[in-house]
Amino acid sequence: MATINFDSELRRAGANATGGWGRFAFLAQRHVLGTVGLVIMLLFVLTAIFANVISRYDPLSVDSAHRLAAPSALHWFGTDSFGRDVWSRIIHGARISLAVGIGSTTLGATLGVIVGLASGYLSGWVDLVFQRVTDILQSLPLLVLALVMTAALGPSLPNVILAIAIPLIPTVARVIRANTLALREQPFVEAAKSIGMSEMRIALRHVLPNTIAPLIVLATAQLGSTILTEASLSFLGLGIPEPYPSWGRMLSESAAEYVRTAPWLVIFPGIAISLAVFGTNLFGDALRDILDPRQRG
Amino acid sequence: AEPKSGGIFRIYHRDSPGSASIHEGATYSLNVPFMPIFNNLVIFDQHIAQNSASTIRPELAESWAWSGDNKTLTFKLRKDVKWHDGKPFTAADVKCTFDMLMGKSQQKFRQNPRKSWYEQVEEVTTNGDYEASFKLKRPQPALLSLLASGYSPVYPCHVSPAEMRTKPVGTGPFKFVEFKANESIKLTKNPDYFKKGLPYLDGIEFTIIPNRSTAILGFVSGKFDMTFPTEVSIPLLKDVKSQAPNAVCVVEPNNVSTNIIINSTAPPFDNLDIRRALALALDRKAFIQIMFEGQGDIGGTMEPAPDGLWAMPKDMLEQIPGYGPDIEKNREEARKLMQKAGYGPDKHLQIKVSTRNIAVYRDPAIILIDQIKSIYIDAELDVVDTAQWFPKIARKDYSLGLNLTGNAVDEPDQSFYENYACGSERNYTNYCNKEIEKLFDQQSEETNTDKRKKLVWEIDKKLQEDVARPIIFHARTGTCWQPYVKNVTIMSNSSYNGYRYEDVWLDK
Amino acid sequence: MTEQRPLLEVTDLVKHYAVRGGVLRRQVGTVHAVDGVSFALGAGETLGLVGESGCGKSTVARTVLRLVEPTSGAIKLDGEDIAPLSKTALRPYRRSMQIVFQDPFASLNPRMTAGDIVGEPLIVHGLATGAKKQERVAELFQQVGLRPDQMKNFPHQFSGGQRQRICIARALSLGPRLIVCDEPVSALDVSIQAQVINLLIDLQRQQNFSYLFIAHDLAVVAHISHRVAVMYLGRIVEIADKHELFANPRHPYTQALLASVPIADPKAKRTAPLIDGDVPSPINPPSGCAFHTRCRYAMDRCKTERPVLQAAGPAHQVACWLNEGTGQAAS
Amino acid sequence: MFAYIVRRLFLMLVTLFGISIIIFVLLRVVPGNIVDILFDAAGFVDPADKANLERELGLSQPIVIQYLHWIGGLLHGDLGYSYVSEKPALEEILPRIPITARLAGLALLFSASIGIPLGVISAVHQGSRLDYALRVVSLSGLSLPSFWLGLLILMASVSLFGTMPIFNPNPKTWLEALTIYAVPAMAVGFRSAALTMRITRSSMLEILRQDYIRTARAKGASEASVNYHHALKNAVLPVITVIGIEAAFLIGGLIVTETVFNIPGIARFLVEALRWRDYPIVQNLVMFIAVVVVVVNFIVDMLYAAIDPRIRFGD
Amino acid sequence: MSEAKTLDTILDVKNLQTVFFTNSGLFRAVDDVSFSVRRGETLAIVGESGCGKSVSALSIMRLVPDPPGRIVGGSVTLEGTDLLKLDDAAMRDIRGNRISMIFQEPMTSLNPVMRIGDQIIEAVRLHQKVSSKEAWKQAVDMLRLVRIPEPERRAQEYPHQLSGGMRQRAMIAMALACRPALLIADEPTTALDVTIQAQILALIVDLQKRLGTGLILITHDLGVVAQTAQRVIVMYAGKKVEEATVEALFETPLHPYTRGLMASMPAVIALGAKTDARLTEIPGMVPSLTRLPPGCAFAPRCKLAVDRCRQEYPPLDEIKSNHWAACWRAGEIAEAS
Ligand SMILES: Nc1ncnc2c1ncn2[C@@H]1O[C@H](COP(=O)(O)OP(=O)(O)OP(=O)(O)O)[C@@H](O)[C@H]1O
Ligand SMILES: Nc1ncnc2c1ncn2[C@@H]1O[C@H](COP(=O)(O)OP(=O)(O)OP(=O)(O)O)[C@@H](O)[C@H]1O
Ligand SMILES: [Mg+2]
Ligand SMILES: [Mg+2]
Ligand code: NI
């Protein structure tokens, strides 16, 4: 039998991680990838909050004399074809991308959870109605919605967020419903009924927390993918309107024309998008693991 | 080398045209794939880049002649021409076509965007099967140029307009095979083409690829023999050349001006001072630098020289406010005008710049917004959906709009009447100046080219000074083809006329 | 026994489950899980419910609490029939009746700590919050023999017996008047079992609780119950005062049951089980008396006619033809 | 259950009816119709011509009549005529369905056959280097915007092989046929594989700690059998849900891929038709997508019941 | 336990130590426990709930969840091979074949999406070459053997369709299906009524006799222990505190904890036993396994505890022949009784 170092095993189990910070530090080193994700996310959030402070130029200011400048001390990430500073645009773009990501995910996931939970837990006619609603929402392709909304209401940040959020609803709702269907039959739900809990409270306190794992995975995946969706919408000309710098449009518009001649126009927004998506997903997985009571520690 | 017969000419197409009927369309997305199906009475020489009255060649007509009063234009027609369905071509077809264009016939087009071209035509008459005459209300020498445009094919009488939209029948070098929306357009050689030995190609195939990156990659990888004509932007051109060094690429102006439409019926631009200030604030070089890496042209309504035939001389141009070389001085003046109108550093004017959600519209709008910041105008971009653009403009529901005006023929009659005549449908700004109107007619009737030029310059200058529709710049675009493609010429003062492709051949 | 109006009165309780089969899952039969059960339970009284596995004890327990909907029958709590009540109308009644589930692990939410689970009823009924709740939970933990420091552990970190005690603590937290205990001590070792039973009895003394106590361990049933009902295949076959039942079992099944109890004395080793034969299916219950397939005394009549519960002495009812009207013991 | 299926079918009709109304109304809410678009190219709107054309296309009729006309036709299998191409809508839609179906099918296959095993491996080796590596790799797929990934593939293919997998309606060789579908399908599948993997992983982690997994081990079942036979079957419900959603999404949502790889599938056609306000095409296409969605959802529900005997519908 | 080392010994557990590394510290769930089982013998393990009985059983199967659990010492020798040294593949060959286990919680220990029959035959099919038809027949037979009515139908059903007792019997059928050399039964009959319990125990005993199966029976029911087991070990807080033959143990329990247990039993349905007679209980509570007192873990609850008990852990001594106890005062107790 291999010798076992009790101390290191205990440390791995987090035995001496006490107090808020101790526990945090312990979790951080147990979930290296998750920590990386968290750091990335925090970085982007801070960037978004302090965009005005960090950015060095007006992201909208056109300068024909310094167009397509390569990265330099003056323009860290170079300038685009309008001579706008890419660094400043990416910094301000963080606001938009995060607004889209967080806005539409929150909206879509919240509504999705409500619909999914109600439909799975209450079943009966509620399920019937909500199922039809999700079917209908699912049947309208994202781009039909996006096109209709931009055409009817004009392209704007709230409209884009709404257009992206709507297709999330059936996705989340279906996953939550599937989970709820199984959970509904669990004896602990019956136990909760037996102590006279209202259906609402059972759904929220007993059923919902047990769907948290897929919900977190899904929500963080969606957080990332909404950023990508905005990029795709931009690619199709339906994203956040000019001149606001959205990463998606920065990438999609430069991708074709400048990938060889001015690669920084493609690389930096590309990295920003990928990092943000990557970060949220890594963090999501770690969060899921941490919230799982059956994990060690 | 001697031309070789055979081969399919493969071109990508930038988008899916709405129909196959050139007369019912107003975009060269239609002309490029469908011009090879048709013939005109006359056509601009397909191998001379600069279209002009002197490059007009007979096609279905063997010859043409003006009457003494310059009010009748008579064409003698070829007798050996057959429609693709085998029916013979006669003068009746000519009459049918133009009657329909003038809205005089029983059958109607779904839409008829160039009806105004034939405003001065009283009637079209035939004399036997092989002669047709255009009777004019007043002399209009430019008519011939209009008839030589790619926009003026002759349609068969016996085919309904609806059929022409889906299965066009022509007399041209190529026959229509199929048009799959969003997928491809296929043409095949017309073996009975009246020009013996032509065409050289066995067929032409357009693959519709709306995504430019994919399309360019397709060209670079050799899947296509030619890019869609005049669709390669200057930055992309560099890219193509770096990846396909053998490709032949040309950059030509295409007689499309980027301009600002101003709503002068409502505040704030009902104030001439503010309009003038706006004109003075423009840094046209910056636009050209950003949009075309310097390869664009500054001018008035008419396409600038040397490719344009009617452009004002440089010194005349620079006298127009805002065209002067010293931008700062201009803007200083503009600020003064703004202050006069009650705006200043502490009181900025808030407006919206409306434009369409297409890069060639949006990009200049962004630059415009940035430039007018210098004269106390804070503008916001208002991107308008295609379906709403013209209704919105027609409702006068905008203050500034960024617009593109393409000219099918480098011909003052076409530009002036279409865009600046009182009551013209495309006079979006409702600019109406009876005096200038008279000058329009005067130059139109003028048969002496030099005299006519002077008149045209004068009109153009006046239009700019009135800030009727400030012209920002004239675009240039690129076209590339593989080295083995021969006999392709890209026109340098229009992008609607050069796609007959009857003598294009592949040196493979 | 008390002579007041019973706290719980169950009349003709029936619960059928549909059995489905085939690809289309058509109903192919019915499980007669509970098939006409009636009993009454007074305040401060304990009714033991024993019977073979699968005879419907848990189903009775859960239907009484309306956790599964009864197919028919009346359930009167304090004279009020709760069977037809809507879910919302039922909620106030929940406080006065609680259940300890047979399967402790499954009835604990895996994502809640033990402390939260036990404290939750207090919150739901607004009885205590914050520190007061923690205090009360700690007290409950101690009562059932758990350490308060275990409050922050999750269910999977407990042993089987510990989980069962969490369930008991949860049921006690509301101070209900009726507790349905579905094998509450089956996983406990005897010392803790003793603690828990003592606790239950003490609570009953102090607060006049009533228990419907389901267990397999007859010694425990004997100890805690006032009266005992014996179930077989969805029906009560014998119900009597505890002393009466253990001293004078009338139904052959009860007799077999009593004789099968393992005796904690190695010297009294018994080898052969007293009854044998297959337990019949609740889907196709045998005709007549359900027990006749395994009964030593089965007569022809038992195969065709079903005996009903009849008085067989004071506070003693039995459903067996052998006892018809006589009040005589079998054998 | 039979009754349940019948009821489900009826409900599908209700859903479809709902969708038909919604799409119909939505299209009319959007400003502008085909006539505006046609005139847009001309650069001006001629009110008389416009009115004529609207009358010709039946757009001047009351909206309810238009709806009844459409639905009435639909019930007879008459989908009307495309405004733009003036061909029967059915003729336009039908040939595009197999293209998208092939693409979506391959993408799903790719995503499931990569995502599920990787998810299982990642869950089984939770916290190990292997887990980290797999997650980083799969997430990198999720992190790239699909148009960008597609373009990268095309560019790489052009610079490496001098050619690119671009759609061709009549592929000459079997290999060409495979590449023109497989490459775009992979570009899409990569993304959804990452999601499938994450969901599988999460769900597996939940199941692997269950007592019955221990029971399976106690019987001497091999790790493979434990993971794939015992655990996966319990863990697969959310995975199926997600795959079902992807399947429904892919039918109408492949727009970016179809654009980048220039595939004449449904999604691009739909966008194009929307751009033209070609109502007959848009309405019928959306109905088709809706049919796919409700059928997929139905199948998913049936799969739930087939896989997990505790789930019963219609009882 | 020298005499136990005969050829007959199926299982020999020596100084087994299993710990849990948790965030609240080291948890010595099984601490230095040794015992052996001979062919055909029944060894009962009794003890306070949570004292490590199930974990001991899982350790033998090497199924302690890792993380957080880990076997950190000792040996488990089955028919001459040390299981703790085997590689995973070899261990799999043994599980379900030479050893099988009946788990404590039948509800959660059955796979909810597999038919009962399939679950029963899985072990058989894993270790023996039988056709699926043959195996299915065997499954049905096993169900019949454990007295499940209509075994043909039940084999087709899923766990949630069975009552608790049926599930437990299905577990038993599963464990017995491949006729193991060693059967570990963790509270196998808690959910069964006594008539069935008697039948099942008789069945196990019968199998044991015929096949020479060794049985480790973990139970709380001292009646069952008395009726079924030959030897008993008593555990308390992760340690073995007493071992003896059933007769000896029931006659003269030597450890105060065992004595407490015996006393806590409700009286066998004795006529006239009074309901109001409180059951005897052992005062106090099992200490937390992370914070064990330095001496005897039972000392804080023990009426007989002396100072030494609180300071030194008592060794497991053979107080009488074949009767071991870990108590400083076991000698005195033996003499007194
Ligand atoms: N949800 C259900 N669907 C179908 N049949 C069920 C269901 N629940 C229980 N049954 C059946 O009802 C009968 C009674 O089950 P119940 O759980 O009440 O028995 P029990 O007396 O509590 O048995 P045990 O002592 O084994 O717990 C059994 O035959 C069981 O199979
Ligand atoms: N996964 C785990 N993590 C932490 N502690 C555990 C875990 N599993 C068991 N334990 C602890 O190990 C100790 C021994 O548990 P075990 O299940 O062996 O008890 P037991 O003797 O079988 O009790 P019971 O008779 O109640 O089943 C218990 O105190 C329990 O809290
Ligand atoms: Mg039960
Ligand atoms: Mg245990
Ligand atoms: Ni009494």
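- In this structure, the portions of E/L63 lying under 4.5 Å from any heavy atom of chain D include both its backbone and its side chain.
- The candidate from E/P65, E/A175, E/P112, E/P159 with the greatest count of non-hydrogen atom pairs under 4.5 Å with chain D is E/P112.
- Applying the side-chain contact (heavy atoms from CB on, under 4.5 Å) test to D/A231 and every residue at least two apart in sequence or in another chain returns D/M204, D/I207, D/L208, D/I213.
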Taking 3.5 Å as the threshold, show me the donor-acceptor pairs across chain D and chain E, one per line with distances to 0.1 Å.
{"unit_1": "D/R209", "atom_1": "NH1", "unit_2": "E/P67", "atom_2": "O", "d": "3.2"}
{"unit_1": "D/R209", "atom_1": "NH2", "unit_2": "E/P67", "atom_2": "O", "d": "3.3"}
{"unit_1": "D/D211", "atom_1": "OD2", "unit_2": "E/T108", "atom_2": "OG1", "d": "2.9"}
{"unit_1": "D/Y212", "atom_1": "N", "unit_2": "E/T108", "atom_2": "O", "d": "3.1"}
{"unit_1": "D/T215", "atom_1": "OG1", "unit_2": "E/S109", "atom_2": "O", "d": "2.6"}
{"unit_1": "D/A218", "atom_1": "O", "unit_2": "E/G96", "atom_2": "N", "d": "2.9"}
{"unit_1": "D/K219", "atom_1": "O", "unit_2": "E/H127", "atom_2": "NE2", "d": "2.8"}
{"unit_1": "D/K219", "atom_1": "NZ", "unit_2": "E/Q119", "atom_2": "O", "d": "2.8"}
{"unit_1": "D/K219", "atom_1": "NZ", "unit_2": "E/E122", "atom_2": "OE1", "d": "3.0"}
{"unit_1": "D/H230", "atom_1": "ND1", "unit_2": "E/N111", "atom_2": "ND2", "d": "3.2"}
{"unit_1": "D/H230", "atom_1": "NE2", "unit_2": "E/E122", "atom_2": "OE1", "d": "2.9"}
{"unit_1": "D/H230", "atom_1": "NE2", "unit_2": "E/E122", "atom_2": "OE2", "d": "2.5"}
{"unit_1": "D/K233", "atom_1": "NZ", "unit_2": "E/V113", "atom_2": "O", "d": "3.4"}
{"unit_1": "D/N234", "atom_1": "ND2", "unit_2": "E/N111", "atom_2": "OD1", "d": "2.7"}

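- Among the candidates E/P180, E/G96, E/A89, the residue making the largest number of heavy-atom pairs closer than 4.5 Å to chain D is E/G96.
- Heavy-atom distances place no part of E/M91 under 4.5 Å from chain D, backbone and side chain included.
- Interface remark: E/I94 contributes no atoms to any contact with chain D (heavy atom separation under 4.5 Å).
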